[in-house]
Structures are given as C-alpha cells and as structure tokens.
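A short worksheet on the structure shown next.
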Amino acid sequence: MVDLSGDLLLRMYYTMWLIRDFENKAAELFMKGILAKGGVHSSVGQEAVATGVGLALRQDDWISSTHRGHGHQLAKGADPRRLMAELLAKDAGYCRGRGGSMHVAAFEVGSLGAYAVVGEGVPIAVGAALAEAMKGSDRVSAPFLGDGALGQGVVHESFNLASVWQLPVVFVVERNGIAVSTSCDRMVAPSTRLADLARAYGLRYRGVDGQDVVAVHEAAREAIAAARAGQGPSLLDCKTYRFEGHYYGEPQVYRSREETEAVRRMHDPIAHFETYLSEHGAARQEEMREIRQRASETVEDAARFAQASPEPEPATYGEYVYA
Amino acid sequence: MVDLSGDLLLRMYYTMWLIRDFENKAAELFMKGILAKGGVHSSVGQEAVATGVGLALRQDDWISSTHRGHGHQLAKGADPRRLMAELLAKDAGYCRGRGGSMHVAAFEVGSLGAYAVVGEGVPIAVGAALAEAMKGSDRVSAPFLGDGALGQGVVHESFNLASVWQLPVVFVVERNGIAVSTSCDRMVAPSTRLADLARAYGLRYRGVDGQDVVAVHEAAREAIAAARAGQGPSLLDCKTYRFEGHYYGEPQVYRSREETEAVRRMHDPIAHFETYLSEHGAARQEEMREIRQRASETVEDAARFAQASPEPEPATYGEYVYA
Amino acid sequence: MPNLTYKEAIKDALAEELRRDSAVFIMGEDIGLHGGAFGLTKGLFAEFGPDRIKDTPISESIIAGAALGSALAGMRPVVEMMFGDFSALAYDQIVNAAAKARFQFGGQCKTPLVIRMPVGALSWKSAGVVHCQSVDNWYVQIPGLKVVLPATPYDAKGLLKSAIRDDNPVIFLEHKALYEVAGDVPDEDYVVPLGVADIKRSGDTCTVVACGKMVHFALEAAVTLADEGIDLEVIDLRTLKPLDEETVFNSVRKTHRAVVVHEGHRSGGLAADWGMRIYTECLDWLDGPVGWVAAKDVPIPYNDGLEKRVLPQVADIVAAVRKTHGEA
Amino acid sequence: MPNLTYKEAIKDALAEELRRDSAVFIMGEDIGLHGGAFGLTKGLFAEFGPDRIKDTPISESIIAGAALGSALAGMRPVVEMMFGDFSALAYDQIVNAAAKARFQFGGQCKTPLVIRMPVGALSWKSAGVVHCQSVDNWYVQIPGLKVVLPATPYDAKGLLKSAIRDDNPVIFLEHKALYEVAGDVPDEDYVVPLGVADIKRSGDTCTVVACGKMVHFALEAAVTLADEGIDLEVIDLRTLKPLDEETVFNSVRKTHRAVVVHEGHRSGGLAADWGMRIYTECLDWLDGPVGWVAAKDVPIPYNDGLEKRVLPQVADIVAAVRKTHGEA
Ligand SMILES: Cc1ncc(C[n+]2csc(CCOP(=O)(O)OP(=O)(O)O)c2C)c(N)n1
Ligand SMILES: Cc1ncc(C[n+]2csc(CCOP(=O)(O)OP(=O)(O)O)c2C)c(N)n1
Ligand SMILES: [Mg+2]
Ligand SMILES: [Mg+2]
C-alpha cells in the first residue's frame, strides 16, 4: 500500500468537489439555455476515477478523454475558467469555441483532448506513449474510456499495440455499466471479464472499486510506476456509476427514478471519501467545509468568467484549419 | 469422440489432395504468366483446416473466406473449374472474372465469398448467422480468418456480437504464426492466448493441431453442433503452417530455406493423414493412389477448362454494379 | 391528408415496411426502448420487439458488416447510424464490402441493405466537428451505392420505402435540421422512386439545384428574389446517386441559368459535380455562369456564430442567383 | 543528375528525412526487413533499425491513430498503408481525428503526420476491386488534410520531403503504375513545395489538367495530337489540396480550352471539381466546352480487359481534346 500524504488527500477531496460542482454548474447553465450547445455529459458519480488517476499522473504525463470528460480535464489540472468558457463556445475557451465540451483539450497540462467519437481517443493516447518511449522520456499516457467503448475495434487494436510494443500506457476503463441506454453487461461481453481480456493481451490488470478514490489512486500509482519504469501497459478496471442521464436532460426510460436514487445514496464517491477522511482523522469537518467552499467558489468564478467572455470573432472562422 | 465413417475419411483425403494440387497448379500457371493476375496466395500446408471444417459443414451452411481461400472454397464444395476460371479472370469463373482469387464466392455451395481486406469477411459471416437465427433455420456460419486478422478491430467486434447475440458462428482461426513477413507471435498478442480471449468474449474455445485433419474435424463437428443447437458461438484455434511464401514468388527474407524445408517435412498434414489412414486400416495404398489420381485429374481438367474459356466480353464491364 | 413531421414520416415508413415484410429488421445503437438518439424508432420496440428492433454495441463496423452479411443471406436490414459522421468507422464495410459485393461476385448475390444516417448541421444546438458533417460524398463517389437525402416528410417516407425495397445498398441520409419540419403525407402506401428529382418550385428565370436543408434555403431565397422579378425553379435532387440529370438539364434549358447548392465542403464536393454536369450538357443554353454555393473548406465549428460563416446561408444563395443575372 | 525510379526517389526521400530529423519515423505493415509490399522501405531497416522503421500488426486504425498521437506529442510519423484502399479501415482516425485536431483544439497543437498510400490500377497485374482504387477524393473533400500525388521521381522526392516537413496531416498518394518509371533526380537536398502545380508540357491550344498516371497518359495524348496541330499544355497538379488554381486558370486563359482528367470515378470525383473551377473562373476565355475524362462509375474489375473499359485511357483523352476543338 502506498503512503498517501494528508496534503494529497485534501487535494483529492478538493478535486472531487471541483468536478461535481463544475458538472452541476454546467447542468444549470445548460438548463437555463445559457449553455445551449450540443450534448453535455455529466460525470457526476464518477469523480473518484478521474481524481484518483489524475492526481497520480504528473502534469507532463498525457491523458486522452471522452465525451464525458470534464472531470478528466479538471483532475489533470485544467483551468476551470477556460474549460467552462469552452463549454459556452467562448473565445477564451481552451479551443477558442471551436471544439466544445466533447472536444476540449488542454495541452498545457498534458491533455491530448476529448474525442467525441467513442473510442477514438484511445489510439491517440497510445501514440503519445509511443512518442515518449521513442524520445526516451519517462512520461506515461492514460487514455480514459467507457465500458461502451470496449465495443469499438480500435480499442482492441490499441490494447494490442501497447502490449506488443510495451508502451507506457495505463488504460482507464470507467465501467459504469451503461452506454447511453444500453447495458454494457449485456451488450459488451468482455466488459465484465476484463481480467481475461487483459490476460489475452498481456496487459497488467487491476480491478478496483471506482467509487473509492484511495483505491483508484493506489492502483493508478502502481500502474503508472510500472509504465514509467518501462514495464509496459496496464488496464485499470474501475467499477463506477453514472448518476445522471446520458446527457443533461436525457429521459432515462431504461431505469427508474428509484434505481437512480438508490445508486446515488449507496455509491456516492464523495460521501465515501468523507467517511474515510473522518475515520482516518485526515481532515476536520471545518477543513472539509472550507475546501468544499473553495471548490464551489472556483466554479462560480469560472461560470462568471465564461459567461462574461466574448464569442469568437465570426471573421476568424478560417483559423486553425492548417498550421 | 465422434465416429468417422470410412467414406468420410476418404473424402477428406481426396479434398486435401484436391486443394494441394489445385494450389500447385495455380502456382504453375502463375509462374508461366498464364495466371498473371494479382496476388495469389497458396494454402499449401493448411489443407487440414479447410478440409476438417469444410466437411463438417452442410452445404447450406455458410463460410466466409480470406485472401488465402482456395482451399476453403474447394472444401465447401465449389466447382474446381469455375474456381480456376475465376483465378484466370475468365467469364466462366464464379464471379465472371470480376473478382479473382481474392474475391471468389460460390453462393451455390454456401460460400459468402473471399474478402481481400484482412478481417473483412468475419463480420459478414456473423451477419449471415444472424439472418439464419432470425429465419429460425439451423444453418451455421463459419468465417475463416488468419492470425494476422486478429489485429483487426472488426474481428473483435465480431466476437462480441456473436457472443452477446448467441449466434450460430464458428470462428476458425488458421494460426500459421505469420502474416506476410510478420510473426504473429510477436505482433498479435492474443494470437497465442486465444483461450483467454475466448473466455473474455464468452466464446466456446477449442484449440487443435491444425495439421491433424481428424482433430480439426472433430472439434469443428462439436462446435457446429453446438451452434446448430442454439448454444452459441465457438472459436476454433487451429495451429497450422504456411509452406509457401505469402504469395507465389514472394522472396521470404524473414525465414531461411532450411526452416521452410523443416516445416514441410515435419508438419505435412497430408503425410500425417496418410499415416493415420494406414494405421487405422482405413485405406489401402492402392485406394489412396486412386484418390490422389482422381484429385489430380480434376485439377488438370479444371486448368484445361479455365485456360480454354473465353475472357468476359469487354462491353459487359458495366454489369452487376446494381441489381 | 395527415400532417406529419419528417421524423414521424420516417418512423411510419419503418413501421409499415416492418409490417409488410418479415425480412425487414432494424439494428443500431440505442434504437430499442430508448427509441434512438433522435427518437426515430420510438414505439417500434413496443410493436416489433427486440428481435426486429435490435440494440447493438457501439461497434459501427460490425453493425454495417453484419447487416451486409444478413442481406447476403436473405434479410433486408435497415441500419441506424447514430450520426452520419460515425459511419467513418464502418467505411471499409460500406465502401469496400457492401458497395462492391454484387459486382465482385459477378452477380451471384443481392445486397438489400439500407443505412440510415442523420447528417448536416443543427445550428441552434451544435455539437461540433464530428456531429454535423454532410457525408454525402463519402458515398456518392463509390460505385455500387445509392445515396438518398429527402427534404420533406412526403419524400422521406416514400423514398425510405423505396430504399428498403431496393436490392442494393442504399445510404439513406436524413437531415437533422428537418426532423421537426411538417408536411402532408398520404395515408395510403406509396413510394417515391429512387433516382427521380422533384421540382419543389417552378420558375423560369433561374434553376437552383439542391438537396436536404438547402432545398428549404433555396425556397426562402426564392421568396426574397421574387420581389426582384427573379423567378426561381428549385430542384430537389432527392436521390444523389443515381442522379436524375435529365430533370436538371431540362430545367436549365428552360431557365438558362443555374445555381448549385450543397451543404458539404466546396473542395471535392457535390455542388461542383452538379455544376460540371450542367456546364457539360447545357453550355449553349446558359445565359450566365453557374453559381456555386457550398460550405467553406473548414471543419464545422462548435460555436454557432462561426458555424454560420462556414455553412451556406440563404443570403449566399440569393447572392449567387443575382450573380447569374450579372448583378454584383 | 542520377536517374532514379519513382520508387527509389521515394525511398531516398524517406532515408534523407530519417537522417535529417530524429523525430521522423516510419510505421506500417511489413515495412521492416521485408521492405514493404512494393519494396519502398527496402534497406531502411538495415540503416535505421526497428525503432524507427516499425513493423505493425494489421490494424490500420490504430496505425493511423497512434501516428496521430505521436505527432501530437512531438514526433513526425510517416505511415505506410499497404494499399490506399485499406485506409478505409482508418477513415475515422484520418478524417474525424487527424484532419480536425488542430482546428477543434483551437490551434493548441500541430499534427505533422504523413500517410503514404499506393493508389491506382496496375492493369498488367491487377488485383481487383480493393487494390486499385483512386482514393484521392476520400480525402480531398475533408478540410484540414493536404493531399499529394506525384507523377515523376523528381516530384515524388521533393514533395515527400515537403510533406514530412509540413506541420499538417498530409495524405501522400503514390501511383503504383509509376513505381518503376525513371527520371532525373538531383543529388542535393531539395523540396518541391506543396500546393504548386507544374506544367509538364507547354502548349497553346488546349490545357489538360491531370495528376498521377494520367499525367503520363496526357503526355502520350499530346504526341498523337501534335500531328493534328493540337498543341497540348499538360498541367500536373501534384498537390490535390490545397489546389494551385492559378496555374490552371492562367493556362486556360492562354489556351482557351481545357480537359480535366482523373483516374477516379466520374460521380463525385475530382475531375468534376477541377472542371467546375475552370468554368467558374475562366468562362469568358473558353472557346469550347471543358472535356471531362474520368473512370466510369463501376468498381475496378479483376479482368484487365474489363478494367481498360472502366478506367480512362489515352484514347479517351485524345477524343476529349478533339471535342474541345469542336470535332466529333
Ligand atoms: C462511434 C460513436 N458511436 C456512437 C456515439 C454516440 N455515443 C456517445 S456517448 C455513447 C455511449 C458511450 O458509452 P461509454 O463508452 O460506456 O461511456 P459513458 O457514456 O458510459 O461514459 C454513445 C453511443 C459516438 N459518440 N461515437
Ligand atoms: C486491411 C488489410 N491490410 C493489409 C492487407 C495486406 N495483406 C494481405 S494478406 C496479409 C497477411 C494476413 O495474415 P493472416 O491473417 O495471418 O493470414 P495468412 O496470410 O497467414 O493466411 C496482409 C497484411 C490486406 N489485404 N488488408
Ligand atoms: Mg459506460
Ligand atoms: Mg497467418
């Protein structure tokens, strides 16, 4: 078991609240029609995965992200202002309003970007790992992917290439059991047998409770350390839960309100972590309140900043097509 | 262990020679410049897989085939004349000269065709199985694929769909260890761990010596029977050897002549089967000679037929674009 | 005649064909209970059940490939791609396998296969670079495919029925911005044949050739231009391949002017193809240059202010028409 | 100046760029010891070893995707697709990911990535429907990509060097039928800039616009036509995107006649695009219709007698040129 400093635990706590508040703020803006752009997918319920992995990575390590990626970006250290501004399609956004929620990148903190096409970002992260291996650096690369993405052939191709080239990759599967309305347990055979799949590919495997940020973090640290030491790729199987609909406002015909309520009650990663912090005497109630307050203020500030920011100048539409 | 009738054993023996003679004849025509069309890939060395599986299938079952597919077609019952004519791009060919060696189909005997793009035929066979399941028939579908094809994402997608829909599919992997010049053992991680892969996908698994036609046949019968009975898909892992270069005339810089010679000597599926037939008293020498003679004559006849056949009428180039 | 939306018309076509022919079935992501990303299959699951309304994994390539295989074995699959853009993942199965199967096998098989794809930009609710593309010419350029894009509920229903009854692979494009557009749709069974264009507005001073949302933009442009004495003839191609050239040529021979309008990017796009055909066949009839309206060669931005600059607007059509009349 | 084949020129470009810049590497199927399906990388493995000449599994999608990722992280990958047709399997990574990365990320990154693809038909040794396609317009229509197709050894080497040094995704097409064509290639380091066409033959009675193998067919046609007093100007576009329109327009304004020739299929193809541009910009200079030569809308048959009827031949160019002169 790795030793987790008190400071790290508090940073985790802050990050989880930052993600949750950010998501809820985005939902609010979306519902008000201020963020009336595109599908926006909440990662509420999955904060422990993003946080556990994100804080185990160095800033110069790489991640690639998905349609449900705000948490990944924040945990990797992205600026909430520029992230929110991108969701609002503003010029101050990371992508200057070109990309939006499903295409936000933050290269300055090692994010290769979110990819809206399911599975598309996984090979790209493998490629970044290849680059680092070739350069002789010790940077690692961690693609996030949903369990639905296990349906995509290119993800399998990615497992294979990372394995045969022994690349410094940590595949992080956010196994929330669902893809839009579809049960992954029923529709994606290997999603419940990831240990077998990892064995078939020669990937190091670790299955963890994705609602337990400490467990995720420890497993991620181990996998990242192995990758950094040139011991090849790992697959991190994080069992988690999607609290919201697929996107803000999605009707969820496939599950009952009671079911969702029960999931929220039983599997809240933040509540789980608060208990841990108390039990381990790692943070006092007051300290936690302060941290929570700070997260909330950061998000409010980001929202104010984003709303006040100007739209991109229409005449600049042709920029960035070519370098 | 299934009971193999003497008649079946002799048909196997005939089919293996038919394939070998056919391949060697095609090579001869190719080298003479008569078959100066496209890449032609010999399946010499792999006759036991095509034969063992082909003779376990009913004529109304489906196969899909690969760039190395002459044997599959013949074992499924295709007419050697029309097959050879297609290789020679003649009008009497199965595809009227449009398809060639890498695209030959024989729908009349349940061949959905060869697909030149590696892995491309696998989903198509899965789709045929889906059709049969929906129609309530008991036909099964057997896609052949090389071990190199395990690198293709769509093959993984095919495993998954066949599994989650419990389709009557028997995936036949011809694991000859190589893809053009590339070692599959080194480049395709799951190729040597197919049992794990099958477990990850919930596929029934059988690994067999692909040079032993009886072993292949028995495993195929079992898998086909399961599929026919609605018990879902199987993966047949057939360890085999490619005796020739990737295509006729390919220089084989990646292996020595001695190596190839040794493989031919030690792993000849026909020699292996001849021993079996003798040991089991299933065929007398004379009988075997006769069968061999018949295979050879059939191939000679096919070659004569194909060479004497006319080319397609150039003015018909526009046919078959649309139904 | 009932007034239905484009979306309802498509759903009705699906339901009626499912009832008519037991070989027809639908497969795609979240099309069952959920009813599809745009609600196109809502209710079908209740009537036809999971065997004929088949939810799939997120595996566009096997979806297309399995559909093709099932067609070769006698079924009549209808695939729903969640967005046209995602069909890139199935490109090999569509262009190298499905499009060529009948040809490469010398006519041994038929490939009755429909792939439905929502395409085009929504503007009011953009989703960015890979949710808004006009993928028409990913497919029109491939021999063996038919490509359809209806502009009205009537055409949507009639064309989809034709597509499902056709023995070839048909790429059936649906413009997302038209899903809620309403129009009259007969109760009786009818089809709109593939390969026949439709004159959506008769006029005699300039022909506009368009499809999908651009048909509606052209009709809007016609209203503006009518005040200037310009009487547009608006041709809705409806089927992009095979193309009904004759209807276009006859119109241009009548109006002596033409503007081609397509939502896809200018370079390598279909507007150029249509324009070249008009020039080639009608050069002597033309009284002015053929106007060329297409999206700029820029990916479709998330921000809708930028998006408007990239995609063709009504004003662009108006301007192009004026130019064919020698006006700046 | 040494006389090299197109193939050797490409190999030399690869070797020199590998030597010049340690960020450059190659990945693809059987490109190591085996030297690639067409021998393009033969010998590179011996000099640069397995780390920089990387054999891959048969996984076109991860090949393209990993190359893109490595480019985003600072490398300059050069991918070899064994045949252009197989890039269909990587279509999503190329058109939805690589082409759009810089744009969608608002300029945060560069994507220095070259994907080499053998294209076109061989005729004397055909391999059928999925080994012979001209995939040019699978890519030209996608904003963000550059597309190159050299016709000579000189251009092949110079363009490939430019492509490797470019910070954008470049689809580098190589015509299989030209691999053994020889020509003069300087010893010194030189580049041919992307986006600049080349006049391969000066003439003043008709402009032929072409690329790849069709440039050579046009030059053959010029010989035939010279006897008839027709003096062809043959423009080799070299880069298909961005297109050097000015060179084309200037030529047409000089010759007053034009024929566009492309090996791809007629519908939705590039010949139409070029023709439409010429009509749009040069209508008043034209003394006759623009000739349009392209492959028929039929997959490329295995049988070479059929193939010849599907693909453009020298005689088709000759006939089209005559027609621009009002001859039947
Ligand atoms: C290739 C592709 N197909 C379909 C979609 C539409 N889509 C967006 S998210 C999603 C579900 C993804 O499920 P999963 O990978 O489990 O991620 P989760 O939503 O659970 O985070 C789908 C089908 C898409 N974006 N890309
Ligand atoms: C998608 C694709 N990539 C590359 C090729 C070129 N190619 C033809 S056969 C082959 C090797 C296939 O290996 P395997 O699947 O093991 O079959 P084997 O040749 O051993 O029978 C390759 C790379 C192809 N046809 N299709
Ligand atoms: Mg999920
Ligand atoms: Mg093999």
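The figures here come from the full heavy-atom set of this structure, side chains too, leaving out hydrogens, waters and symmetry mates. So you know, we letter chains A, B, ... as the sequences are listed, proteins then strands, and number each from 1.
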Worksheet entry | Under 3.5 Å donor-acceptor, A:Asp147 side chain and A:Cys184 backbone | no

Worksheet entry | Exceeds 12 heavy-atom contacts within 6.0 angstrom, atom NZ of D:Lys110 | no

Worksheet item: Checking A:Ala105 against chain D: side chain, backbone, both or neither under 4.5 Å from a heavy atom?
Response: both

Worksheet item: Is it true that D:Glu16 and D:Arg19 have a side-chain N and a carboxylate O under 4.0 angstrom from each other?
Response: no

Worksheet item: For D:Gly32 and D:Ile53, which heavy atoms make the closest approach, and how far apart are they?
Response: CA-CG2, 4.1 Å

Discussion item. I need the residue from A:Ser158, A:Gly127, A:Ala128 with the largest number of non-hydrogen atom pairs under 4.5 Å to chain D.
Written reply: A:Gly127

Practice prompt. Measure distances from A:Tyr115 to the heavy atoms of chain D and classify the residue's part below 4.5 Å as side chain, backbone, both or neither.
Written response: side chain

Discussion item. Could you check whether any side-chain N or O of D:Arg238 sits under 3.5 Å from a backbone N or O of D:Val196, counting only pairs where one atom can act as donor and the other as acceptor?
Written reply: yes

Worksheet item: Which answer fits A:Val117, side chain, backbone, both or neither, if we ask what part of it has an atom under 4.5 Å from a heavy atom of chain D?
Response: side chain

Fill in: Heavy-atom pairs under 4.5 Å with chain D, option from A:Val154, A:Asn160, A:Val164 with the top count
A:Val154

Item to complete: Measure A:Leu161 against the heavy atoms of chain D and call it side chain, backbone, both or neither at under 4.5 Å.
Response: side chain

Worksheet entry | Toward chain D, the part of A:Tyr317 with a non-hydrogen atom under 4.5 Å | backbone

Fill in: Whether D:Ser59 side chain and D:Ser61 backbone form a donor-acceptor pair below 3.5 Å
no

Discussion item. Can you tell me which portion of A:Ala114 sits under 4.5 Å from chain D's heavy atoms? Options are side chain, backbone, both or neither.
Written reply: backbone

Worksheet item: Out of A:Val169, A:Leu167, A:Leu57, which residue meets the side-chain contact (heavy atoms from CB on, under 4.5 Å) rule with A:Val140?
Response: A:Leu57

Worksheet item: Side chain, backbone, both or neither: which part of D:Thr111 has a non-hydrogen atom closer than 4.5 Å to chain A?
Response: neither

Discussion item. Quick check against the 3.5 Å criterion: does A:Ser163 have a side-chain atom that pairs as donor or acceptor with the backbone of A:Leu203?
Written reply: no

Discussion item. Given heavy-atom pairs under 4.5 angstrom as the criterion, report whether the side chain, backbone, both or neither of A:Glu319 touches chain D.
Written reply: backbone

Discussion item. I need the contact set between residues 70-107 of chain D and chain A: heavy-atom distance under 4.5 Å, sorted by residue number.
Written reply: D:Ser70, D:Leu72, D:Ala73, D:Met75, D:Asp92, D:Gln93, D:Asn96, D:Ala97, D:Arg102, D:Phe103, D:Gln104, D:Phe105, D:Gly106, D:Gly107

Fill in: chain A interface, residue from D:Asp166, D:Leu68, D:Asp51, D:Leu145 that has the most non-hydrogen pairs under 4.5 Å
D:Leu145

Practice prompt. Describe, in one word, how the ring planes of A:His67 and A:His41 are oriented to each other, choosing from parallel (under 30°), tilted (30 to 60°) and perpendicular (over 60°).
Written response: perpendicular

Worksheet item: Does the D:Arg52 side chain pair with the main chain of D:Leu18, one donor and one acceptor, at a distance under 3.5 Å?
Response: yes

Worksheet, complete the sentence: Test salt bridge (charged side-chain N to carboxylate O under 4.0 Å, His left out), reference A:Asp61, set A:Arg228, A:Arg139, A:Lys76, output is A:Arg228

